[in-house]
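So the structure is just underneath, and the comments pick up after that.
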Amino acid sequence: MKKILSILLAVTMAAVLSATAVLAEDAFPQPEGGKKFENDWAIQGGLINIIYEEEGYRVLVDLHDGDVEDSGHLWEYSCYYHAEDDTLVSISSLKRSYAPDPATAQRILDEAEYMGTDDAGTQTVFSINRDGCLVWADSRGAGEGLAFRSIGRFAGAWRSAAGEEPVWAEIEWSDIDQNYSVYLHRGDEDTYAEFSMTGEYHPETGKLVCAGQNVDNDGEQYEAIFSLTADSQLLYEAANGILLEYDLLGGSNG
């Protein structure tokens, strides 16, 4: 499940960066009230990713079955922001199931169970409750009783921008731990340090607070704080701050 969620996040992060470019051109300004939805949201065994695209929102839901390893269901919705009740409301919906290929363990998608435009009787509504959690109410019954907490949008591989100190970070959402797993490589080939940490997202500050240890020195504890900039870069809040850019290839630091 962890690997599947990481792949989903990596794919959707690419879309996030593309959407940011559209916003920069001010072609289709995002509604102010809808901005709080654009995030990643999680429960044990489930992940929701919401991206603003031009005139609306794309909502991806990945819900693990729990009884069969790496099997589950995917939903994809196109939504608009409904300012009157501060919700996202679906325009179209798609649902597919998936299971692992016994030979390769790769995810195999089934044919769509349903897809198409939603009318008043088939709409799905997303709202944020008093606890700051995302509530998913699908008219077909999905999401009942589930509340997804905000986890920010940090997953993926990140490299320091040109002119910055050499830094590489790999951040993955752990469905089991319900926190981020963070690997950090800092320095050049001759002088470097590697750190393995657990990261906890703090929605009130928008920061990912990480704690762990030096990979080569188990006794050395290490802490790091990350936050996202308005330009979709990752700010590593070390001395003077270091900007990291999303690495679409996601390769190791080498």
Side-chain angles (χ1 to χ4, degrees), residues 1-19 37-53 56-79 88-118 122-126 133-157 170-181 201 246-251:
M1 181 65 179
K2 175 181 176 182
K3 182 178 180 181
I4 290 175
L5 295 181
S6 298
I7 292 172
L8 176 64
L9 286 168
V11 171
T12 53
M13 178 59 76
V16 171
L17 298 178
S18 175
F37 289 93
E38 192 179 24
N39 204 355
D40 293 336
W41 309 80
I43 59 169
Q44 195 81 46
L47 184 71
I48 294 180
N49 177 269
I50 301 179
I51 305 165
Y52 180 70
E53 296 180 324
Y57 294 83
R58 182 161 62 96
V59 182
L60 302 173
V61 182
D62 189 337
L63 198 60
H64 186 52
D65 272 342
D67 53 347
V68 179
E69 185 177 1
D70 290 336
S71 67
H73 308 278
L74 295 174
W75 289 261
E76 182 172 346
Y77 304 95
S78 294
C79 298
L88 298 185
V89 180
S90 69
I91 300 171
S92 65
S93 302
L94 180 151
K95 180 186 178 184
R96 303 178 75 177
S97 299
Y98 62 85
D101 185 319
T104 65
Q106 297 294 317
R107 174 184 287 186
I108 303 298
L109 290 171
D110 294 337
E111 294 294 327
E113 294 181 32
Y114 56 79
M115 63 182 300
T117 303
D118 293 336
T122 59
Q123 286 179 325
T124 294
V125 177
F126 295 91
C133 294
L134 184 73
V135 177
W136 168 33
D138 187 310
S139 61
R140 297 177 177 90
E144 185 176 357
L146 302 181
F148 294 70
R149 67 184 179 93
S150 171
I151 61 170
R153 180 164 284 149
F154 297 91
E170 184 175 20
I171 304 175
E172 294 184 339
W173 175 252
S174 172
D175 180 62
I176 296 174
D177 299 332
Q178 288 291 287
N179 274 317
Y180 285 98
S181 297
Y201 177 60
Y246 191 77
D247 182 3
L248 291 175
L249 297 179

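One is the number of the first residue; the rest follow in order along the sequence. Scope of the values below: all heavy atoms of this structure, side chains included, with no hydrogens, waters or symmetry mates. Because the structure is a prediction, the values reported are computed rather than measured.
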For this session: Could you go through the side chain to side chain contact (heavy atoms under 4.5 Å, CB included) check for Phe126 and Ile48 one step at a time?
Result: CA-CA 11 Å; Phe126 295 91; Ile48 294 180; 4.3 Å; yes
Exercise. Going from CD1 on Ile91 to OG1 on Thr124, what distance comes out if it is rounded to the nearest 0.5 angstrom?
Worked result: 12.0 Å
Seminar exercise, completed: Of all heavy-atom pairs linking Ile50 and Glu38, the shortest is O-CG, 3.4 Å
Exercise. Any donor-acceptor pair under 3.5 Å linking the side chain of Asp110 with the backbone of Arg96?
Worked result: no
Problem set entry | Exercise: identify the closest heavy-atom pair between Leu88 and Cys79 | CB-CB, 4.1 Å
Problem set entry | Under the side chain to side chain contact (heavy atoms under 4.5 Å, CB included) test, residues paired with Val125 that sit two or more places apart | Thr87, Val89
Seminar exercise, completed: When rounded to the nearest 0.5 Å, the distance separating CG of Asp70 from CD1 of Ile108 is 12.0 Å
Exercise. Which residues satisfy the ring pair (Phe, Tyr, Trp, His ring centres under 6.0 Å) test with Tyr57, sequence neighbours excluded?
Worked result: Tyr52
For this session: Report the distance from atom OG of Ser97 to atom CG of Asp65, rounding to the nearest 0.5 Å.
Result: 7.5 Å
For this session: Please round to the nearest 0.5 Å and tell me the distance separating atom CD of Gln44 and atom CD1 of Ile176.
Result: 8.0 Å
Problem set entry | Spatial distance of atom NE2 (His64) from atom OG (Ser71) [nearest 0.5 Å] | 5.5 Å
Exercise. Hey, are the side chains of Asn49 and Arg153 touching, using non-hydrogen atoms and a 4.5 Å cut-off?
Worked result: yes
For this session: Please check if the side chain of His73 supplies one atom and the backbone of Tyr98 the other of a donor-acceptor pair under 3.5 Å.
Result: no
For this session: Step through the shown structure and confirm whether more than 12 heavy atoms of other residues, nucleotides or ligands are within 6.0 Å of CD on Glu111.
Result: no
Problem set entry | Heavy-atom pair with the smallest gap, counting every atom of Ser92 and Asp118 | C-OD2, 3.4 Å
Problem set entry | Note, Trp75 side chain near Leu63 side chain (heavy atom, < 4.5 Å) | yes
Show me the side-chain donor-acceptor pairs of residues 140-152 shorter than 3.5 Å, one per line, residues at least two apart or across chains.
| from | atom 1 | to | atom 2 | distance (Å) |
| --- | --- | --- | --- | --- |
| Arg149 | NH2 | Gln178 | O | 2.5 |
| Ser150 | OG | Asn39 | ND2 | 2.6 |

Problem set entry | Set of salt bridge (Lys or Arg N to Asp or Glu O under 4.0 Å) partners for Glu76, sequence neighbours left out | none
For this session: Could I get the full list of side chain to side chain donor-acceptor pair (under 3.5 Å) partners for Trp136, not counting sequence neighbours?
Result: Tyr77
Problem set entry | Considering all heavy atoms, the nearest Met115-Leu94 contact | CE-CD1, 3.8 Å
Exercise. So do Leu74 and Leu60 actually touch side chain to side chain, heavy atoms under 4.5 Å?
Worked result: no
For this session: Work out which heavy atom in Tyr246 is nearest to a heavy atom in Ala155; give both atom names and the distance.
Result: CE1-O, 3.6 Å
Problem set entry | Qualifying residue, where the test is ring-ring contact (aromatic ring centres under 6.0 Å, His included) with Tyr201 and the options are Phe154, Trp41, Tyr180 | Phe154
Exercise. Which residues pass the side chain to side chain donor-acceptor pair (under 3.5 Å) test with Ser139, sequence neighbours left out?
Worked result: none
